[in-house]
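Note that these values count all heavy atoms, side chains included, but never hydrogens, waters or copies made by symmetry.
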Amino acid sequence: MITWKDVLQFADQGSPAPARRITKSDEEWRQQLTPEQFSIARKKGTERPFTGAYCEAHDPGLYACRCCGTHLFDSGLKFESGTGWPSFTQPVADNAIAYHKDTSYGMTRVEVTCNACDAHLGHVFPDGPKPSGLRYCINSASIILAQNS
């Protein structure tokens, strides 16, 4: 289980190596994604709270990166955080997510990206439920429910 201490260490010293790497040009990503998906996943945008397709979704399955299809989160670890974005307590694998210190907007946070293709997913915070205490706050535009459990 990944803990907040692990998250901070990954953000400072580097994330675990991904199982694979996907590299495309901005033009290739633009052809594959809608303008909103491109803005959020490739340019670090954020969807408005309570507007994303998966904000209140409860279907079983695995959530994958919308850009490259890498499995990221299991719906069984999704919870209602009340924040307006899909929230998860853990990724499906330690190396599915990359962690980056984010000091934008006058605050310090930890950005999470797909470790395979660098798509911006959202941020992780230490205010989630036990046992991990983590809340991966994810943009719906960056993920897709890819496989039923």
Side-chain angles (χ1 to χ4, degrees), residues 1-2 4 6-7 10-11 15-16 18-105 107-149:
M1 175 183 322
I2 294 175
W4 183 243
D6 297 324
V7 166
F10 293 150
S15 301
R20 64 185 179 135
R21 289 290 303 155
I22 309 292
T23 305
K24 294 183 181 184
S25 69
D26 274 357
E27 187 52 40
E28 289 172 306
W29 290 123
R30 270 188 182 58
Q31 291 174 13
Q32 176 182 328
L33 303 168
T34 68
E36 178 188 34
Q37 292 165 352
F38 180 82
S39 174
I40 292 169
R42 305 313 311 175
K43 298 299 178 184
K44 302 182 186 293
T46 300
E47 61 199 9
R48 290 186 334 271
F50 301 102
T51 63
Y54 298 117
C55 182
E56 296 182 21
H58 299 286
D59 296 329
L62 294 175
Y63 287 89
C65 175
R66 184 171 299 275
C67 295
C68 72
T70 297
H71 289 162
L72 302 171
F73 300 101
D74 188 307
S75 65
L77 297 176
K78 185 174 185 288
F79 69 99
E80 292 298 327
S81 66
T83 62
W85 290 276
S87 297
F88 303 87
T89 60
Q90 288 285 297
V92 296
D94 289 356
N95 67 345
I97 303 293
Y99 302 85
H100 313 276
K101 191 177 291 185
D102 177 0
T103 57
S104 62
Y105 304 109
M107 61 182 102
T108 301
R109 303 178 290 175
V110 177
E111 176 194 12
V112 290
T113 62
C114 172
N115 208 10
C117 75
D118 301 324
H120 171 73
L121 303 172
H123 292 83
V124 61
F125 301 96
D127 60 1
K130 292 183 180 190
S132 76
L134 298 179
R135 173 175 55 96
Y136 288 81
C137 187
I138 306 299
N139 289 290
S140 289
S142 297
I143 56 175
I144 188 165
L145 186 58
Q147 176 184 328
N148 290 337
S149 296

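Considering every non-hydrogen atom in both P91 and I97, the closest pair reads CB-CG1, 3.6 Å. Here the closest heavy-atom approach between residue S140 and residue C55 is recorded as OG-N, 3.7 Å. Across all non-hydrogen atoms, the minimal contact from L72 to C114 is CD2-SG, 4.4 Å. Between F79 and G128, the shortest heavy-atom distance links the atoms CZ-CA, 4.3 Å. Of all heavy-atom pairs spanning A146 and A64, the tightest one is CB-CB, 3.6 Å. Between P126 and L134, the shortest heavy-atom distance links the atoms CA-CD2, 4.5 Å.
Qualifying salt bridge (charged side-chain N to carboxylate O under 4.0 Å, His left out) partners for K43, counting only residues two or more places apart in sequence or in other chains: D26. Under the rule for a ring pair (Phe, Tyr, Trp, His ring centres under 6.0 Å), the partners of F73 that lie at least two apart in sequence or sit in another chain are F88, Y136. By the ring pair (Phe, Tyr, Trp, His ring centres under 6.0 Å) test, F10 pairs with Y99, sequence neighbours left out. Partners of R135 according to the salt bridge (charged side-chain N to carboxylate O under 4.0 Å, His left out) rule, which considers only residues two or more places apart in sequence or in another chain, are D127. In this view, S25 and E28 satisfy the side chain to side chain donor-acceptor pair (under 3.5 Å) rule, not counting sequence neighbours. For R20, the side chain to side chain donor-acceptor pair (under 3.5 Å) test picks out T70, with sequence neighbours left out. Not counting sequence neighbours, R30 has no partner by the side chain to side chain donor-acceptor pair (under 3.5 Å) test. Residues that satisfy the salt bridge (charged side-chain N to carboxylate O under 4.0 Å, His left out) test with E47, not counting sequence neighbours, are absent from this structure. In terms of the ring pair (Phe, Tyr, Trp, His ring centres under 6.0 Å) criterion, F38 has no residue partners (sequence neighbours excluded). Here K24 pairs with nothing under the salt bridge (charged side-chain N to carboxylate O under 4.0 Å, His left out) rule; sequence neighbours left out. Legend: residues meeting side chain to side chain donor-acceptor pair (under 3.5 Å) with T46, ordered by chain and number and at least two apart, are absent.
No side-chain N or O of S142 forms a donor-acceptor pair with one of H120 less than 3.5 Å apart.
Using a cutoff of 4.0 Å between basic side-chain nitrogens and carboxylate oxygens, K44 and E111 are scored as salt-bridged. A salt bridge links D118 and R21; the closest N-O separation between the charged side-chain nitrogens and carboxylate oxygens is under 4.0 Å.
Using a 4.5 Å heavy-atom threshold, the side chains of Y54 and I143 count as touching. Proximity of R42 to L33: side-chain heavy atoms (C-beta onward) are separated by under 4.5 Å at one or more points. No side-chain heavy atom of C137 sits under 4.5 Å from any side-chain heavy atom of S81. Proximity of Q90 to I2: side-chain heavy atoms (C-beta onward) are separated by under 4.5 Å at one or more points. Side-chain contact between Y63 and L77: absent, with no pair of heavy atoms (C-beta onward) separated by less than 4.5 Å.
Remark: side-chain polar atoms of S87 are paired, donor with acceptor, to backbone N or O of W85 under 3.5 angstrom. When atom types are taken as modelled, the side chain of T113 and the backbone of N115 share no donor-acceptor pair closer than 3.5 angstrom. Under a 3.5 Å cut-off, the side chain of R66 and the backbone N or O of A141 do form a donor-acceptor pair. Checking side-chain atoms of Q32 against main-chain N and O of C67 turns up a donor-acceptor pair under 3.5 Å. Side chain of N139 to backbone of L121: a donor-acceptor contact under 3.5 angstrom is found. Between the S15 side chain and the A98 main chain, no donor and acceptor come within less than 3.5 Å of each other.
A distance of 12.5 Å separates CG in L62 from CD1 in I144, rounded to the nearest 0.5 Å. Once rounded to the nearest 0.5 Å, the distance linking CG of D102 with CZ of R109 reads 4.5 Å. Atom OG in S132 sits 6.0 Å away from atom CE in M1 (nearest 0.5 Å). Separation of atoms OG1 (T89) and CG (D74) is listed at 9.5 Å; rounding is to 0.5 Å.
Within the structure, salt bridge (Lys or Arg N to Asp or Glu O under 4.0 Å) pairs that include any residue of residues 78-99 do not occur (at least two apart or interchain).
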